[in-house]
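Below: the structure, in structure tokens.
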Amino acid sequence: MKGNKRGKMLLACMVSITVLAGCSSGKSADSEGNKAPDAEQAKINQSGYPIVNDKITVSAFAAKFFANADWNNIRLWNDYEKKTNIHINWDTVQKDTLKEKRNLLLAGNDYPEFFYASAFSRTDLLKYGKQGAFIPLNDLIDKYAPNFKALMDKYPIIKKGITMPDGNIYGLPTIYDPEFKSVLYGTPWVKQEWLDKLGLKQPETLDDLYNMLKAFKEKDPNGNGQKDEIAWGAVGTDGIVAYLRGSFGLNNHGNSNINVDTDPATGKVRFIPTDPRYKELLQFVNKLYKDGLLEQDIVSVKSTEVDAKGTQGLIGVVDNVDPVAIYNQQGYVGLNVLKGPHGDQQFTYLGSPLGNIGMFVLTDKAKNPEAMIRWMDYFYSEEGIKLFFMGWKDETYKEDASGNVDYTDEIKKNPNGMNLDQAIGQYLIWPGGYYPGFVKQQYFKGAEGLPTSVENAKKAEPYVLPQEKVWPPFNFTQDEQSELTTIKTDIDTYVTEMKDKFITGNESFDNWDKYVAAIEKMGVDRYVAIYQSAAERYAK
């Protein structure tokens with residue numbers, strides 16, 4: 001997905017957990033207290049529905065977005081139970097306490113048959129996979145997950161991105177449809193009305209960008225006689241640095257491994273934050289800041305302060321989602337991809353289609369893993385995706401003759417004053433952020449799905465890094481991860497801190513060599529070597 005955008009309206013929900021009474025005996029009770037047969041005794045249908053002929057009950061853990069949502073009595077799961085003959089006994093926690101509760105379950109050997117949307121890191125997947133708590137899914141996918149397997153075949157980056165160094169797959173991911181371009185990338189937004197009033201064209205180069213922002217600041221484009229315009233409004237410096245990385249030839253494999261890419265001169269992994277071109281990038285952004293063309297409290301400003309200015313229409317450039325979605329401000333368009341000082345003109349700040357890869361995990365307590373991989377696979381199918389995000393035709397959504405769908409007025413304009421997330425959250429579980437599944441533009445109603453966002457991405461597309469060149473986050477061996485953790489934490493923290501200091505002038509560029517030397521002392525050579533090994537494994 002696009003970088004770290006505060007205003008992302010990306011659908012999502014974290015999920016639940018459950019430890020079933022009677023698991024140790026191999027029996028479990030459904031919601032009505034009826035004993036279900038052992039899973040191994042249940043007849044599993046390899047295709048079609050129900051998945052099992054005899055009803056089974058399965059324990060699960062998940063984190064949820066809405067505290068009052070009862071996953072054991074929500075229509076999505078109730079209807080799916082009727083279709084599959086599988087009753088899920090959900091044990092849910094709110095996402096804020098997910099990590100603590102999840103880790104306690106694993107530490108106490110008190111975990112359920114599967115974890116759903118529990119956001120396991122790559123490190124945890126490999127760790128618990130090696131320990132045997134998480135079971136490999138490779139063979140199960142081959143035999144019982146035709147929808148997911150088809151996606152892996154169509155998009156090789158999926159299989160490469162979810163396969164651990166030991167060759168096993170321990171978790172199923174969130175996938176953002178590679179054809180859904182505007183959810184993967186988009187340039188910042190510029191106020192077209194201001195350009196028109198000042199007789200300016202869209203910038204094509206860095207100098208053009210500087211001159212446009214200077215005109216926004218000094219020439220009163222909102223016409224109120226006051227110099228109250230914010231040329232570039234943002235929370236933090238990541239947005240502008242991200243936008244310009246490709247203009248300086250940086251991040252030629254995208255942003256999933258933000259501090260490394262391939263050095264064009266050597267073909268080996270390069271550490272970006274000590275590269276001379278990264279220094280040039282920071283010097284340019286420092287010039288914008290020094291001349292008052294960026295939000296002057298950009299490092300420390302609160303989002304509410306920027307929101308207030310945005311809602312008043314005082315911001316010329318917004319490095320978030322379309323301002324119509326967050327500020328109710330019409331008329332912003334995507335900026336051009338700029339040509340940099342060395343002739344580079346590429347947009348490289350995009351990740352792989354893979355979201356979190358630890359969103360569905362089967363544990364060694366799963367009595368019927370074949371049935372459960374089928375249970376999850378449905379939500380990678382067209383029908384399952386539509387149900388997951390839209391619900392039920394003529395109840396939660398309407399559909400026209402061309403197949404276009406939208407939520408009903410009861411959802412969009414809820415009579416009880418609920419916002420969209422709250423209204424649809426009565427029936428579905430996607431609001432909030434985390435879930436395994438496949439995000440398609442047709443069923444996605446967040447800001448990235450707006451026609452303006454689609455147009456923004458389309459305009460940038462000729463300059464966007466091709467997907468086949470994009471790296472997903474790398475998977476490391478346990479030894480590599482153990483060694484990398486400390487080095488990476490120290491180096492990444494220092495790089496982030498110094499980026500802001502250089503941009504704001506709190507650190508002089510005269511001290512650049514000292515900055516590089518400090519990173520070298522932290523072990524950057526080993527950092528790069530570990531990434532080099534991971535990159536070579538990925539390339540195979």
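The structure displayed is predicted, hence computed values, not measured ones. The chain is numbered in sequence order, starting from 1. Computation of the quantities below employed the complete heavy-atom set of this structure, encompassing side-chain atoms and omitting hydrogens, waters and symmetry-equivalent molecules.
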- Trace of the side-chain hydrogen bond (donor to acceptor under 3.5 Å, both in side chains) decision for Thr92 with Lys64: CA-CA 6 Å; Thr92 59; Lys64 60 187 177 183; 3.2 Å; yes
- Task: Apply the test side-chain contact (heavy atoms from CB on, under 4.5 Å) to residues Ile162 and Met152: give CA-CA distance (whole Å), side-chain angles for both, the deciding distance (0.1 Å), then the verdict.
- Result: CA-CA 10 Å; Ile162 66 176; Met152 287 201 304; 4.1 Å; yes
- Check the pair Leu195 / Met212 against side-chain contact (heavy atoms from CB on, under 4.5 Å), numbers first and verdict last. CA-CA 8 Å; Leu195 290 173; Met212 180 193 77; 3.6 Å; yes
- Query: ring-ring contact (aromatic ring centres under 6.0 Å, His included) between Phe148 and Tyr380: does it pass, once the steps are laid out?
  - Reply: CA-CA 6 Å; Phe148 186 74; Tyr380 292 103; 4.9 Å; yes
- Task: Start with the C-alpha distance between Asp275 and Arg270, add both sets of side-chain angles, then the distance that settles salt bridge (Lys or Arg N to Asp or Glu O under 4.0 Å), and finish with yes or no.
- Result: CA-CA 8 Å; Asp275 190 85; Arg270 164 176 65 176; 3.6 Å; yes
- Task: Using the side-chain contact (heavy atoms from CB on, under 4.5 Å) rule, take Tyr332 and Val190 through it: C-alpha gap first, then chi angles, then the decisive distance, then the call.
- Result: CA-CA 5 Å; Tyr332 283 81; Val190 62; 5.6 Å; no
- Task: Given side-chain contact (heavy atoms from CB on, under 4.5 Å), test Thr205 with Leu338 step by step and report yes or no.
- Result: CA-CA 5 Å; Thr205 66; Leu338 304 180; 6.0 Å; no
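Counting only N and O atoms by type, the side chains of Asn506 and Thr504 include a donor and acceptor under 3.5 Å apart. No side-chain N or O of Asn414 forms a donor-acceptor pair with one of Asp409 less than 3.5 Å apart. There is a side-chain donor-acceptor pair under 3.5 Å between Lys499 and Thr237. Between the side chains of Asn224 and Asp228, at least one donor N or O lies within less than 3.5 Å of an accepting N or O. Side chain to side chain, Thr408 and Lys398 fail the donor-acceptor criterion of an N or O pair below 3.5 Å.
When side chains are defined from C-beta on, Val405 does not count as touching Phe389, because their heavy atoms never get closer than 4.5 Å. Here the side chains of Gln329 and Lys191 are in contact, with some heavy-atom distance below 4.5 Å. Between Ile429 and Phe65 there is no side-chain heavy-atom pair separated by less than 4.5 Å. In this structure, the side chains of Lys287 and Leu293 stay at 4.5 Å or more apart for every pair of heavy atoms. Counting heavy atoms from C-beta outward, Asn320 and Trp189 have side chains that stay 4.5 Å or more apart. For the pair Ile487 and Thr489, the minimum side-chain heavy-atom distance is 4.5 Å or more. Counting heavy atoms from C-beta on, the side chains of Val318 and Tyr327 come closer than 4.5 Å. Contact annotation: the side chain of Asn147 never approaches that of Glu382 to less than 4.5 Å [non-hydrogen atoms, C-beta and beyond].
Between Glu448 atom CD and Tyr185 atom OH the span is 13.5 Å, to the nearest 0.5 Å. Between Ile530 atom CD1 and Thr485 atom OG1 the span is 9.0 Å, to the nearest 0.5 Å. Once rounded to the nearest 0.5 Å, the distance linking CG of Leu350 with CZ of Arg245 reads 12.5 Å. How far CD1 of Ile424 is from NZ of Lys412: 12.0 Å, rounded to the nearest 0.5 Å. In this structure, Ile298 CD1 and Ile240 CD1 are separated by 6.5 Å, a value rounded to the nearest 0.5 Å. Here the CG-OG1 distance, from Asp322 to Thr452, works out to 3.5 Å after rounding to the nearest 0.5 Å.
In this structure, Ser453 contributes its side chain and Gly449 its backbone to no donor-acceptor pair below 3.5 Å. Here the side chain of Thr97 pairs a donor or acceptor atom with the backbone of Gln94 at under 3.5 angstrom. In this structure, the side chain of Glu305 does not engage the main chain of Asp297 through any donor-acceptor pair within 3.5 Å. Arg122 places no side-chain N or O within 3.5 Å of a backbone atom of Gly358 that could act as its donor or acceptor partner. Remark: the backbone N or O of Pro203 is paired with a side-chain donor or acceptor of Asn336 at under 3.5 angstrom. Judged purely by atom type and a 3.5 angstrom limit, Ser118 uses its side chain to pair as donor or acceptor with the backbone of Tyr116. Formation of a donor-acceptor pair under 3.5 Å by the Asn419 side chain with backbone atoms of Gln422 is found in this model. For Ser402 (side chain) and Asn404 (main-chain N/O), no donor-acceptor pair under 3.5 Å exists by modelled atom type. At least one donor-acceptor pair under 3.5 Å links the side chain of Asn255 to the backbone N or O of Gly351. Between the side chain of Asn456 and the main chain of Thr187, a donor-acceptor pair closer than 3.5 Å is present.
Annotation: side-chain hydrogen bond (donor to acceptor under 3.5 Å, both in side chains) contacts involving residues 385-397, sequence neighbours excluded, comprise Arg75-Glu395, Asp79-Trp392, Lys386-Glu399. Note on residues 237-282: pairs passing ring-ring contact (aromatic ring centres under 6.0 Å, His included), not counting sequence neighbours, are His253-Trp471, Phe271-Tyr527. Residue pairs meeting the ring-ring contact (aromatic ring centres under 6.0 Å, His included) criterion with at least one partner in residues 198-221, sequence neighbours excluded, are Trp194-Phe216.
Classification of Glu295 and Lys309 as a salt-bridged pair holds, one side-chain N sitting under 4.0 Å from a carboxylate O. A salt bridge links Arg277 with Asp344: at least one charged nitrogen is closer than 4.0 Å to a carboxylate oxygen. For the pair Lys201 and Asp208, the salt-bridge criterion is not met [side-chain N within less than 4.0 Å of a carboxylate O]. Taking a cutoff of 4.0 Å between a charged side-chain nitrogen and a carboxylate oxygen, Lys459 and Glu455 do not qualify as a salt bridge. Note on Glu497 versus Lys501: salt bridge recorded, some NZ/NE/NH1/NH2 to OD/OE distance being below 4.0 Å. Taking the charged nitrogens against the carboxylate oxygens, Lys181 and Glu461 do have a contact shorter than 4.0 Å, which makes a salt bridge.
Residues Gly403 and Gln442 share a closest heavy-atom pair of O-NE2, 3.3 Å. Considering every non-hydrogen atom in both Pro436 and Leu172, the closest pair reads CB-O, 4.4 Å. Shown here for Pro188 and Trp232, the closest heavy-atom pair between the two residues is CG-CH2, 3.8 Å.
For Lys99, the NZ atom is loosely surrounded, since the number of other residues' heavy atoms within 6.0 Å does not exceed 12. Counting heavy atoms of neighbouring residues, nucleotides and ligands inside a 6.0 Å radius, atom OH of Tyr538 exceeds 12 of them. Within a 6.0 Å sphere centred on CD of Glu100, heavy atoms belonging to other residues, nucleotides or ligands number 12 at most.
Between Tyr531 and Phe476, the ring centre distance stays below 6.0 Å.
Between Phe502 and Tyr515, the angle of the ring planes goes over 60°, which puts this pair in the perpendicular group of the 30/60° scheme. Note: Phe388 and Tyr435 have tilted aromatic rings, judged against thresholds of 30 and 60 degrees for the angle between ring planes.
Judged by a 6.0 Å distance limit and a 45° cone about the ring axis, Lys440 is not positioned over the six-membered ring of Phe180.
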